[in-house]
Amino acid sequence: MTALFTPQLPERDAQEITPGATHVPNWLTQEQQKWIVGQFREWVQGPVPIRAAKIRGHEMSVRTVCLGWHWQPYRYTRTATDVNGARVLPFPDWMIRLGRHALQATGHDTATIGSYTPDTALVNFYDANARLGLHQDKDEESRAPVVSLSVGDTCTFRFGNTESRKKPYTDLLLASGDLFVFGGPARLAYHGVTKMHQDTAPEGCGISRGRINITMRMTGLDG
Ligand code: SIN
Ligand code: MN
């Protein structure tokens, strides 16, 4: 596992979208993508099954399974009290290492990297019709960076500002293997998925349709 997630340097064409937010296309190797898809297939089996969270009674089009802490609108719990009451799977050690590599790849300082201990991952599955409205990730008490990894179909990802859902924002494509990290001044920026691009998953990424996105975060919670 350590070998699988050894960072590949130099990083390819990293692009700062706004201060604190960096996109690194094609960061994961095909082998890593495939391996992550294999993990995803295990996570969805439970003990907490993948589900569409309900917001004010309406199911989201995205389906989510969590590791470490269970996210429900708008809080984290250890047990999925809005699903089946089971405790979520533990947060895997390999993902902490991968999160640190991601911070290294996006130019974070050694102190930030050393103290980065993500303890929750929201693993989203998007079918061709799924969208994710613009929102801030603000249910965490910690303001440590969010690390996002994508596998499968490409989406259009909108990354905006911390004030409102309005302009200025940048629309970019997140494709299979891409890394996106947002922290510092961009940590509370509004962001969302405005469009899925069907049948764009590359051969060999481990999934033929749909998109898996993992966002790992530090909750700052105890217990
Ligand atoms: C999220 O905002 O939590 C997920 C973003 C993504 O799917 O790229
Ligand atoms: Mn988010």
Side-chain angles (χ1 to χ4, degrees), residues 15 17-18 20-28 33 36-37 40 43-44 50-55 59-76 91 95 98-99 102 106 118-162 164-165 169-184 186-198 200-201 205 207 209-220:
Q15 203 195 343
I17 303 299
T18 64
T22 307
H23 176 208
V24 188
N26 205 22
W27 186 65
L28 295 167
Q33 293 171 45
I36 286 173
V37 174
F40 172 75
W43 298 334
V44 297
I50 191 164
R51 61 82 167 92
K54 277 191 186 152
I55 299 196
E59 281 194 351
M60 294 172 71
S61 57
V62 174
R63 285 182 289 150
T64 309
V65 62
C66 302
L67 307 173
W69 286 90
H70 176 78
W71 178 81
Q72 51 182 295
Y74 290 98
R75 64 195 176 108
Y76 288 102
F91 193 89
M95 210 182 273
L98 188 59
T106 49
D119 60 345
T120 188
L122 276 63
V123 184
N124 286 338
F125 181 79
Y126 297 76
D127 65 19
N129 300 313
R131 306 273 180 277
L132 184 64
L134 259 69
H135 65 278
Q136 295 170 296
D137 290 359
K138 59 177 183 188
D139 299 329
E140 304 76 27
E141 281 178 13
S142 163
R143 291 293 174 249
V146 175
V147 168
S148 149
L149 299 168
S150 298
V151 180
D153 282 337
T154 299
C155 75
T156 300
F157 181 63
R158 179 165 291 178
F159 197 79
N161 61 83
T162 55
S164 80
R165 294 177 175 80
Y169 49 68
T170 304
D171 285 339
L172 60 136
L173 296 175
L174 288 184
S176 198
D178 286 12
L179 165 68
F180 193 91
V181 177
F182 54 103
R187 176 61 180 77
L188 291 178
Y190 282 90
H191 59 277
V193 171
T194 56
K195 187 177 163 60
M196 284 299 305
H197 302 273
Q198 215 174 340
T200 51
C205 75
I207 183 166
R209 57 178 51 160
R211 168 175 186 261
I212 298 168
N213 174 265
I214 300 175
T215 50
M216 57 183 102
R217 308 139 187 235
M218 274 177 78
T219 61

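Ligands are counted one by one from 1 in listed order, and the atoms in each one are counted from 1 as well.
- The nearest heavy-atom contact from the protein to atom 7 (O) of ligand 1 is Tyr126 OH, 2.5 Å.
- Within the 4.0 Å heavy-atom criterion, the part of Arg217 lying near ligand 1 is the side chain and not the backbone.
- The protein heavy-atom contact nearest to atom 4 (C) of ligand 1 is Asn213 OD1, 3.5 Å.
- Contact annotation: for Phe180 versus ligand 1, there are no heavy atoms closer than 4.0 Å.
- Residues Leu172 and Ile17 meet the side-chain proximity criterion, which asks for heavy atoms closer than 4.5 Å.
- Annotation: atom 1 (C) of ligand 1 to nearest protein heavy atom, Leu132 CD2, 3.5 Å.
- Screening Thr215, Leu149, Val65 for a side-chain contact (heavy atoms from CB on, under 4.5 Å) involving Val123 leaves a single residue, Val65.
- Look at Arg187 and Glu140 and you find a salt bridge, because one of the NZ, NE, NH1 or NH2 atoms lies within 4.0 Å of a carboxylate O, short of that distance.
- Between Phe182 and His191, the distance from one ring center to the other falls under 6.0 angstrom.
- Contact check for Val193 versus Tyr126: side-chain heavy atoms found under the 4.5 Å cut-off.
- Note on His135: its N/O/S atom closest to the Mn ion (ligand 2) is NE2.
- Within the 4.0 Å heavy-atom criterion, the part of Val193 lying near ligand 1 is the side chain and not the backbone.
- Atoms NE2 of His191 and OD1 of Asp137, as seen from the Mn ion (ligand 2), are separated by an angle of 100°, to the nearest 10°.
- Sparse packing is recorded around CZ of Arg209, with 12 or fewer heavy atoms of other residues, nucleotides or ligands lying under 6.0 Å away.
- Atom 8 (O) of ligand 1 has its closest protein heavy atom at Arg211 NH2, 2.8 Å.
- The part of Asn124 lying near ligand 1 is the side chain, judged by heavy-atom distances below 4.0 Å.
- Both tests pass for Arg158 against the ring of Tyr169: distance under 6.0 Å to the centre and angle within 45° of the axis.
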